[in-house]
Amino acid sequence: SYFVHRNGWWYLFMAYGWLGRTGGYQIRLFRSRNLVGPYVDQNGNPAISNGEIPDNQTKDTGIRLTSSVKWSGGPADDDTVEVSQGHNSVLTRGSDGRLFLTYHTRFIDRGDEDYETHVRELLPTDDGWLVAAPYEYTGTKAADTKYDAKNVAGDYEFVIHDQRTSFKGPKKVTDKHSTDYRGVNKPVNITLTEDGKVTGDKTGTWKLDKSDGTGDMTITLDGVEYHGAFDRLPRDKDDRKVEMTFSVIGDNLCAWASQK
């Protein structure tokens, strides 16, 4: 586990599952006003339990910050798609106070013992949570301003980090060369219109929370309200082409979106 203090909240990051490639290793988030707790997730579930929780990586407790994702922004190949993400720390950059999530990850199409350390920027939401950026940090920080309805509207891929799924190998167990995997999240397609509507595979509304050009945003999809932030970031492929993204939390679920 790991603690960090920001904006009057103590955040507790916990690793669920275990570090094997199919072990469901993942990062769950809780918060408290006090260092000693109590720590709860967005739905009020406590971070502590009275005993061992078998298969805790399949439970609804805690906000899952990342998952295995395959979408057009990359990673481009199965040997770079992250699985089993955990064992995290949080770095605070002294020059500007920005937070960065560092964690251990394995990959779909590599050996069971092959791993890397990856970094993603953490962004605050207007309701006091932290979300991880959709793409790995490569030196380009999230812009503080210059977001308006015109430059954030468009077509997006949208993916939810389902707490109950994790990488388990090919769906057809006997086909070791299959690229149709269990527990890898794939996006749906949505469109954000300039007048605040969301159309496509999910429908609803969206808005920028402030008129000062900052990226704080609220989006309601299929009746669930999410809070988060827009953020222009380099994709993981296409020569690091910069695209508009957003990261949000709602109903105890974290989600990412990226323009196509």
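In this chain, numbering begins with 1 at the start of the sequence shown. Since this is a predicted model, take the numbers as computed values, not measurements.
- A side-chain donor-acceptor contact under 3.5 Å links Y181 and D78.
- Proximity of the aromatic rings of Y39 and F3 is defined here by a centroid distance below 6.0 angstrom, and this criterion is met.
- A donor-acceptor contact closer than 3.5 angstrom is absent between the side chains of Y115 and E82.
- Side chain to side chain, K202 and N189 fail the donor-acceptor criterion of an N or O pair below 3.5 Å.
- Counted by atom type alone, Y103 and R120 present one or more donor-acceptor pairs between their side chains at under 3.5 Å.
- When each of L221, I249, T125 is tested with Y226 by the rule side chain to side chain contact (heavy atoms under 4.5 Å, CB included), just one qualifies, namely L221.
- Relative orientation of the Y25 and H104 rings is perpendicular, given thresholds of 30° and 60° on the angle between their planes.
- Note on ring orientation: taking the six-membered ring where Trp is involved, the planes of W256 and H161 are perpendicular (angle over 60°, cut-offs 30° and 60°).
- In summary, the side chains of S72 and E157 do present a donor paired with an acceptor at a separation below 3.5 Å, with no hydrogens or angles considered.
- Aromatic rings of F13 and F30 (six-membered ring for Trp) have centroids beyond the 6.0 Å cut-off, not under it.
- Under a 4.0 Å N-O distance rule, the pair D96/R98 qualifies as a salt bridge.
- Annotation: cation-pi pair R33/W10 absent, no NZ/CZ under 6.0 Å from the ring centroid and within 45° of its normal.
- Heavy atoms of other residues, nucleotides or ligands lying less than 6.0 angstrom from NE2 of H118 number more than 12.
- Between Y135 and W71, the angle of the ring planes lies from 30° to 60°, which puts this pair in the tilted group.
- Side-chain atoms of H227 and T218 form a donor-acceptor pair, as typed in the model, at a separation below 3.5 Å.
- The side chain to side chain contact (heavy atoms under 4.5 Å, CB included) with R235 is formed by just one residue from the set E136, K241, R240; it is K241.
- For the side chain to side chain contact (heavy atoms under 4.5 Å, CB included) test with T205, the passing option among D195, L192, T220 is T220; the others fail.
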